[in-house]
*Asks:* 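Dumping the structure here so I can ask a few things about it.
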Amino acid sequence: MVENPRITNKISCRSMKLSSVRKKLKLICQASIFTGILGCTSNTIDEPAVISEMEMSTPESATESEKDIAYGSFTEEQLYQTIISELSAQRGDLDEAGDNYLDLAIETKDLSIIQRAIQFASVNNDVNALMQLGLLWSEVEPNNTRPHLMLSFQFLESGNYSQALSHMARILDLGDDFDFTTLIARTATLENSERERLITIVQSLVDEFHQQESLRLTLIQLFAQNQRMEDALSEMKIFLKEFSPSPRVILLHAQILQSMGEPNQAIQTLKSGLREFDQDRSLRLSLARLMIQNEKLEDAYDQFQALVEQDPEDWESLYSMSLLDLELEEYDRAIPILENLISVDERYDESQYYLGLIYEQTEKYEESIEHYRKVRTGTTNYLAAQQQATRHSIGLGDLEEAHSWLTRQSNGQARLEILFTTIESNLLIQAGYDQEAKSLLDSALNRFPNEAELLFARVLWSDSQQDREGSERDLRQIIRMQPEDARALNHLGYMLADQTNRFEEALDLIERAIAISPDDPAIIDSLAWAQYKLGRYEEALANLRRAFSVFPDHEVASHLGEVLWQMGEHEKATEVWEEALKARPESQLIKAVIERFKPE
């Protein structure tokens with residue numbers, strides 16, 4: 001084959017250039033003895049996180065150890081491979097550079113080469129290479145803690161906690177320190193059995209290095225993660241005898257006590273901690289939250305107030321104060337706080353919503369409407385705010401204004417218009433504006449024919465008018481369009497079971513509904529009611545108890561009591577009704593069923 005002179009010349013030119021590059025780099029390396037293993041490329045990669053975390057050599061710091069490296073320890077081929085690796089890095093091929101440096105590190109066992117290889121492996125996230133290099137480094141420098149530190153972190157990241165602990169222990173053996181609590185962030189998702197193995201290892205290390213503070217703290221936290229609270233508390237007491245508490249330790253102590261069902265002791269622990277660390281915000285915030293959990297609302301308020309005194313722009317603590325004021329019905333205290341939050345655009349929508357709620361509670365409905373309507377679209381309380389604003393507008397007789405506002409809010413968006421129509425119709429029904437609600441729904445259904453949500457809203461209107469035929473007609477239309485609509489199937493089935501003698505048909509509809517939503521307590525209640533009407537008392541009782549256990553509603557209670565009564569369990573039935581009446585004294589359902597079975 002005839003050689004292509006252009007290719008031959010290109011290769012020759014490339015060889016000459018590479019030879020020239022080799023000579024120049026050789027001279028540079030001889031002059032500076034691998035500044036950062038060729039300082040000319042020290043900026044080609046960033047210093048990896050693992051290196052900085054363990055304070056290992058960087059290209060800059062490597063210069064300080066130049067006198068420890070003898071150029072004669074490298075063969076010409078090794079030097080050539082080093083140059084090629086650095087050129088690969090300059091071209092952006094960090095993977096090739098990393099592979100070459102790994103091979104060189106294994107071949108030469110040179111410390112600078114190992115550290116440069118670690119830099120590339122870290123940037124490339126080459127875990128396997130980092131493991132090999134860490135072990136190689138520990139072999140080259142057996143008394144240096146840094147390779148063990150690196151290996152500790154690598155094994156932690158890979159989930160090999162026992163290996164990580166062995167390298168942590170080696171760090172202690174060599175007289176250095178290590179924060180063992182870095183382990184805890186990674187062990188929360190482990191199985192208990194895996195944590196038990198770690199506990200055994202850590203306990204043995206505690207016996208060996210009993211003055212190592214973070215090691216003992218790690219053991220306490222592992223006990224707590226495995227719900228061995230008695231052991232955690234016992235270790236905590238030992239810890240506090242030997243070491244001075246920090247805010248972190250005080251928090252852990254309180255958490256253990258709270259988990260053991262000792263909230264008062266937990267609160268006292270945090271209070272004692274604050275006497276020593278009165279400016280520690282995490283302690284005070286934890287105390288405030290713990291007080292809320294334990295219904296000590298006034299005390300919690302005082303702690304949030306102290307936080308705000310420390311930092312007047314602690315908006316979250318101010319917001320918490322306003323919520324506590326709402327719970328305590330201290331509306332006059334809450335209003336200026338919420339207005340302040342609004343003025344600085346912090347928790348704006350929540351503050352508008354809760355101002356609306358305050359004015360609602362104090363029966364200042366116009367002010368309530370104003371604030372509810374300032375809650376912005378797309379925020380958590382938007383729909384609830386619009387509903388309440390509409391409720392109060394209708395209550396004030398401003399039906400047209402309420403409708404106009406919702407129309408403007410929907411702004412031509414069909415789904416939002418449909419949703420607002422269902423809300424408005426329901427509120428009109430509740431306020432006794434039956435014909436207005438019917439006109440609104442009929443008009444909407446003319447715009448959106450066969451829209452299931454609107455049809456269901458009209459079902460609720462028909463129910464309010466005791467128009468069973470109208471309800472059934474619309475429900476069957478929904479089921480024809482959406483055979484898997486469990487809500488419509490259940491509603492029709494319950495209506496037939498409760499208001500007709502078409503019990504088998506009712507049961508069939510409800511069984512279809514429960515096949516779609518097997519855990520819905522409302523459907524389970526309907527199923528039980530149909531079974532009761534068919535005389536299947538045992539099945540009905542089992543299902544009612546199941547429904548009542550997750551949804552202790554007054555209607556379910558009325559059904560449960562009735563079935564118990566019919567089965568001869570009069571005392572149990574009475575007990576169910578009386579408990580339901582205590583929870584909801586205004587329930588006409590409970591009063592009616594008691595009147596039917598216990599007229600005296």
*Asks:* To the nearest 0.5 Å, how far apart are CD in Gln279 and CG in Leu274?
*Replies:* 9.5 Å

*Asks:* Does Ser517 use its side chain to pair, donor to acceptor, with the backbone of Ile514 at less than 3.5 Å?
*Replies:* no

*Asks:* Might you point out which heavy atoms bring Met229 and Ala224 nearest each other, and give the distance in Å?
*Replies:* CE-O, 3.3 Å

*Asks:* With distance as the sole criterion, is a donor-acceptor pair present between the side chains of Thr181 and Arg248 under 3.5 Å?
*Replies:* yes

*Asks:* Go through the steps to decide whether Leu564 and Arg545 satisfy the test side-chain contact (heavy atoms from CB on, under 4.5 Å), and finish with yes or no.
*Replies:* CA-CA 11 Å; Leu564 284 166; Arg545 281 178 168 154; 3.8 Å; yes

*Asks:* Any side-chain heavy atom of Val556 sitting closer than 4.5 Å to one from Pro521?
*Replies:* no

*Asks:* Once you round to the nearest 0.5 Å, how far does CD1 of Ile423 lie from CG of Leu416?
*Replies:* 8.5 Å

*Asks:* Taking Arg216 for the side chain and Phe209 for the main chain, is one N or O donor matched with an acceptor at less than 3.5 Å?
*Replies:* no

*Asks:* Counting N and O atoms only, with roles assigned by atom type, does the side chain of Arg195 sit under 3.5 Å from a partner on the main chain of Leu190, one being a donor and the other an acceptor?
*Replies:* yes

*Asks:* Any side-chain heavy atom of Gln258 sitting closer than 4.5 Å to one from Asn294?
*Replies:* yes

*Asks:* Does Glu579 pair with Lys582 as a salt bridge, N-O distance under 4.0 Å?
*Replies:* yes

*Asks:* Could you grab the distance from atom OG of Ser343 to atom CG of Leu338, nearest 0.5 Å is fine?
*Replies:* 11.0 Å

*Asks:* Is it true that the side chains of Gln352 and Tyr348 contain a donor and an acceptor less than 3.5 Å apart?
*Replies:* yes

*Asks:* Is atom CZ of Phe243 surrounded by more than 12 heavy atoms (other residues, nucleotides or ligands) closer than 6.0 Å?
*Replies:* yes

*Asks:* What heavy-atom pair brings Ala105 and Leu136 nearest, and what distance separates the two atoms?
*Replies:* O-CD2, 3.3 Å

*Asks:* Take Arg289 and Ser286 through the side chain to side chain donor-acceptor pair (under 3.5 Å) test and state the conclusion after the steps.
*Replies:* CA-CA 5 Å; Arg289 288 171 176 169; Ser286 296; 5.8 Å; no

*Asks:* Determine yes or no for a side-chain-to-main-chain donor-acceptor pair under 3.5 angstrom, with Ser368 supplying the side chain and Lys364 the backbone.
*Replies:* no

*Asks:* Counting C-beta onward and ignoring hydrogens, is there a side-chain heavy-atom pair between Gln203 and Phe223 closer than 4.5 Å?
*Replies:* yes

*Asks:* Can you confirm whether more than 12 heavy atoms, excluding those of Lys591, are under 6.0 Å from its NZ atom?
*Replies:* yes

*Asks:* Does the Ser259 side chain pair with the main chain of Gln255, one donor and one acceptor, at a distance under 3.5 Å?
*Replies:* yes

*Asks:* Can you tell if the side chain of Gln225 reaches within under 4.5 Å of the side chain of Ile184, non-hydrogen atoms only?
*Replies:* yes

*Asks:* For atom CZ of Arg333, decide whether the heavy atoms of other residues, nucleotides or ligands shown that lie under 6.0 angstrom number more than 12.
*Replies:* yes

*Asks:* State, without any angle test, whether Arg197 and Thr200 hold a side-chain donor-acceptor pair at a distance under 3.5 Å.
*Replies:* no

*Asks:* Checking Glu141 side chain against Asn144 main chain: does a donor-acceptor pair fall under 3.5 Å?
*Replies:* no

*Asks:* Can you see which heavy atom on Arg584 is nearest to which on Asp553, and at what distance?
*Replies:* NH1-OD1, 4.3 Å

*Asks:* Does Arg347 make a cation-pi contact with Tyr354 (under 6.0 Å, within 45 degrees of the axis)?
*Replies:* no

*Asks:* Indicate yes or no for a side-chain donor-acceptor contact from Ser558 to the backbone of Glu555 under 3.5 Å, with no hydrogens or angles considered.
*Replies:* yes

*Asks:* Take a 6.0 Å sphere around CD of Glu191 and say whether it holds more than 12 heavy atoms from other residues, nucleotides or ligands.
*Replies:* no

*Asks:* Is any side-chain heavy atom of Leu251 closer than 4.5 Å to one of Leu270?
*Replies:* yes

*Asks:* For Gln430 and Arg391: C-alpha separation, side-chain torsions, deciding distance, then whether side chain to side chain donor-acceptor pair (under 3.5 Å) applies.
*Replies:* CA-CA 9 Å; Gln430 290 177 24; Arg391 182 191 303 279; 2.9 Å; yes

*Asks:* Can you name the nearest heavy-atom pair linking Ala288 to Ala300, along with the distance?
*Replies:* O-CB, 3.5 Å

*Asks:* Could you tell me whether the side chains of Arg284 and Ser317 share a donor-acceptor contact shorter than 3.5 Å?
*Replies:* no

*Asks:* Check the surroundings of atom CG in Asp332: do more than 12 heavy atoms from other residues, nucleotides or ligands lie under 6.0 Å from it?
*Replies:* no

*Asks:* Before giving the answer on side-chain contact (heavy atoms from CB on, under 4.5 Å), spell out for Met260 and Glu230 the whole-Å C-alpha distance, their side-chain angles and the decisive distance to 0.1 Å.
*Replies:* CA-CA 8 Å; Met260 293 176 70; Glu230 292 286 353; 3.4 Å; yes

*Asks:* Report yes if the side chains of Leu355 and Ile342 come closer than 4.5 Å at any heavy-atom pair, otherwise no.
*Replies:* yes

*Asks:* Drop me the distance from Asn543's CG to Ile523's CD1, to the nearest 0.5 angstrom.
*Replies:* 12.0 Å

*Asks:* If you count every heavy atom of other residues, nucleotides or ligands that lies below 6.0 Å from Glu586 atom CD, does the total exceed 12?
*Replies:* yes

*Asks:* Please answer whether the main-chain N or O of Ala522 pairs with a side-chain N or O of Asp520 as donor and acceptor at a distance below 3.5 Å.
*Replies:* yes

*Asks:* Does the side-chain contact (heavy atoms from CB on, under 4.5 Å) test come out yes or no for Leu252 and Leu217, once each step is laid out?
*Replies:* CA-CA 9 Å; Leu252 178 59; Leu217 198 55; 3.8 Å; yes

*Asks:* When you compare the side chain of Gln409 with that of Trp405, does any pair of heavy atoms fall below 4.5 Å?
*Replies:* yes

*Asks:* What pair of heavy atoms forms the shortest contact from Thr269 to Ile250, and how long is it?
*Replies:* O-CG2, 3.7 Å

*Asks:* Is the backbone N or O of Arg228 less than 3.5 Å from a side-chain atom of Asn226, with the two atoms forming a donor-acceptor pair by type?
*Replies:* no

*Asks:* Would Tyr301 and Glu327 count as having a side-chain donor-acceptor pair, cut-off 3.5 Å?
*Replies:* no

*Asks:* Would Asp519 and Arg546 count as a salt bridge (Lys or Arg N to Asp or Glu O under 4.0 Å) if you check the C-alpha gap in whole Å, the side-chain angles of each, and the deciding distance to 0.1 Å?
*Replies:* CA-CA 10 Å; Asp519 298 318; Arg546 180 183 165 207; 3.3 Å; yes

*Asks:* Nearest 0.5 Å, please: how far is CG in Leu135 from CE in Met131?
*Replies:* 8.5 Å

*Asks:* Can you list the steps and then say if Tyr353 with Tyr372 is a ring-ring contact (aromatic ring centres under 6.0 Å, His included)?
*Replies:* CA-CA 5 Å; Tyr353 178 81; Tyr372 278 139; 5.6 Å; yes

*Asks:* Locate the shortest heavy-atom distance separating Ile358 from Ala334; write the atom from each residue and the value.
*Replies:* CD1-CB, 3.8 Å

*Asks:* What do you reckon, is CD of Glu575 surrounded by more than 12 foreign heavy atoms closer than 6.0 Å?
*Replies:* no

*Asks:* Between Asp314 and Arg281, is a side-chain contact (heavy atoms from CB on, under 4.5 Å) present by the stated rule, with each step listed?
*Replies:* CA-CA 11 Å; Asp314 181 354; Arg281 298 181 65 80; 2.3 Å; yes

*Asks:* With a sphere of 6.0 Å drawn around CD of Glu571, does it hold more than 12 non-hydrogen atoms of other residues, nucleotides or ligands?
*Replies:* no

*Asks:* Does Arg376 offer a backbone N or O that forms a donor-acceptor pair with the side chain of Asp349 under 3.5 Å?
*Replies:* yes

*Asks:* With a 4.5 Å limit on heavy-atom distance, are the side chains of Leu419 and Leu383 in contact?
*Replies:* yes

*Asks:* In Å, rounded to the nearest 0.5 Å, how long is the span from CG of Leu318 to CZ of Phe304?
*Replies:* 10.5 Å

